[in-house]
Amino acid sequence: MPELPEVETIVRGLRPRLTGRVLTRPRLFHADVLSGVTRLRLVRALAGNRIEEVTRRAKHAVFRMASGHRLVIQPGMSGALLVFPRPLRSAERRYAVLVAGLRKGGTLVYRDVRRLGTVLLLDEPAWRAYTARIGPEPLAADFGIGDLAARLSGTRQAIKKVIMDQRRLAGVGNIYANEALFRARIDPSRAACRLGQAEVARLYRAVRAVLTEAIAAQGTTFRDYRTGTGERGSFQFRLDVYGREGEPCRRCGGRLATTHAIDARSTTFCWRCQGPPR
DNA sequence: ACGAGGTCCTGCGAGC
DNA sequence: TGCTCGCAGGACCTCG
């Protein structure tokens, strides 16, 4: 679920509440989210460890710990990261995957209904290798049109699939891929390497604009997503295409269509403005 | 290199 | 009312 704007919103909420705080009594309730670390090693590494910095990379929340480890949480489809200024109530423990107390009060929770998320514990070299495999941040100040063009060249895969590929571009998921392609008036099924310069430029501006606006709206809440303090986002009210199948296109008034032909993910688009996917 | 399809997991709404 | 089915914001894998 959470894409770049949602994780960015979560991280901004957590940062002032977690930076400098020491984790106590960490507990992992579902080991199936772990990747490359055992429950025992994770719990031992977190207990008594201080959070130095809370950041985002792609769709991951990254907690840099005083020990030099990074706790990396990728919320998957249904994950939420929440901080409470008190112990958890019983209803708040539902679907909890990882819970840790905060010394001097408070609780950090990673909650994930479907548990498609991932929890990693990486030392410095492992973190460097991990982040190196992920594509550039589309909102970075030094990310330009030429960088996007370079990431799109050399593949005939559908442009929608390519911009969702985390190795090529960080943080764009299904919702914002749909939205950006609509804004850029590009057929989602077009081969990435066949886009013209003007189309790449439109896509560049569309991706940056939709992500920026979604962050300002605190993300898109359909069901599970919450900010780091439990609020809903509001970008669901501003979507042009995602979730609007059959409704009128905001640009031309035509009926929006949905296909699952691209990477088996729902793609909603306007035939008239974006042309037919093959 | 690429597309198709399956896997992980649970909940919910539609339809019967 | 109760059941089954398909689908859901992600990412990984194998197969041909």
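Here is the naming used below: chain letters follow the sequence lines, and residue numbers restart at 1 for every chain.
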Check your understanding: When we call it a touch if two heavy atoms are under 4.0 Å apart, what does A:T118 touch: a base, just sugar-phosphate, or nothing?
Key ->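 No contact.
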Practice item. For A:H60, answer base if it contacts any base atom (sugar-phosphate contacts may also be present), sugar-phosphate if it contacts only those atoms, and nothing otherwise; contact means non-hydrogen atoms under 4.0 Å. Key: nothing
Which listed nucleotide ([options]) is nearest to the side chain of [X]?
X	options	value
A:H260	C:dA8, C:dG10, C:dG9	C:dA8
A:D32	C:dA11, B:dG11, B:dC9	B:dC9
A:M164	C:dG10, C:dA11, C:dG9	C:dG10
A:Y95	C:dG9, B:dT10, B:dC9	B:dT10
A:M77	C:dA11, C:dG10, B:dG3	C:dG10
A:R114	B:dC9, C:dG9, B:dC2	B:dC9
A:Q157	C:dG9, B:dG11, B:dG3	B:dG3
A:N174	B:dG3, C:dG9, B:dT10	C:dG9

Practice item. Would you kindly compare A:R223 and A:R115 by the position of their nearest DNA chain B nucleotide and give the one closer to the 5′ end? Key: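 Checking each residue's closest nucleotide, the 5'-ward one belongs to A:R115.
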Review point. Are A:N178 and A:Y176 linked by a side-chain donor-acceptor pair shorter than 3.5 Å?
Key: no
Review point. Any side-chain donor-acceptor pair under 3.5 Å between A:T131 and A:R57?
Key: yes
Would you measure the distance from the [atom1] atom in [N] across to the matching atom in [M] and give it in whole Å?
N	M	atom1	answer
B:dG6	C:dC7	C1'	16 Å
C:dC5	B:dT7	P	16 Å
C:dG9	B:dG13	P	16 Å

Practice item. Taking A:E3 for its side chain and A:I175 for its backbone only, find out whether a donor-acceptor pair lies under 3.5 Å. Key: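 Indeed, once roles are kept as given, a pair shorter than 3.5 Å links the two residues.
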Review point. Looking at A:S78, does any N or O in its side chain come under 4.0 Å of the phosphate oxygens OP1/OP2 on C:dA8?
Key: no
Point to revise | Phosphate OP1/OP2 of B:dC2 contacted by A:K161 side-chain N/O (<4.0 Å) | key: no
Exercise for review: Name the residue closer to the 5' end of DNA chain C, choosing between A:A264 and A:Q74 according to the nucleotide with the nearest heavy atom.
Suggested key: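 Nearest-nucleotide comparison on DNA chain C picks A:A264.
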Revision key, fill the gap. Of A:S266 and A:R167, the one whose nearest nucleotide on DNA chain C sits closer to the 5' end is A:S266
Give the rounded distance in Å between these two atoms: [atom1] of [X] and [atom2] of [N].
X	N	atom1	atom2	answer
A:D112	B:dC8	CG	P	16 Å
A:R111	B:dT10	CZ	P	16 Å
A:D224	B:dG11	CG	C1'	8 Å
A:Y110	B:dC9	OH	C1'	11 Å
A:R265	C:dC7	CZ	C1'	11 Å
A:E6	C:dG10	CD	C1'	12 Å
A:Y242	C:dC7	OH	P	13 Å
A:I159	B:dC2	CD1	P	13 Å

Point to revise | Min side-chain heavy-atom separation A:L82-A:L108 under 4.5 Å | key: no
**Study point:** Salt bridge present between A:E179 and A:R183 (N-O < 4.0 angstrom)
**Key:**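 No.
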Review point. Taking the six-membered ring for Trp, is the centroid-to-centroid distance between A:H60 and A:Y130 below 6.0 Å?
Key: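 When the ring centroids of A:H60 and A:Y130 are compared, they turn out to be within the sub-6.0 Å range.
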Review point. Which distance, rounded to the nearest 0.5 Å, do you find between the CZ of A:R232 and the CZ of A:R223?
Key: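 Reported value, rounded in 0.5 Å steps: 11.0 Å.
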**Study point:** Strand partner of C:dA11, provided both Watson-Crick or wobble distances fall under 3.5 Å
**Key:**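 Base partner found: B:dT7.
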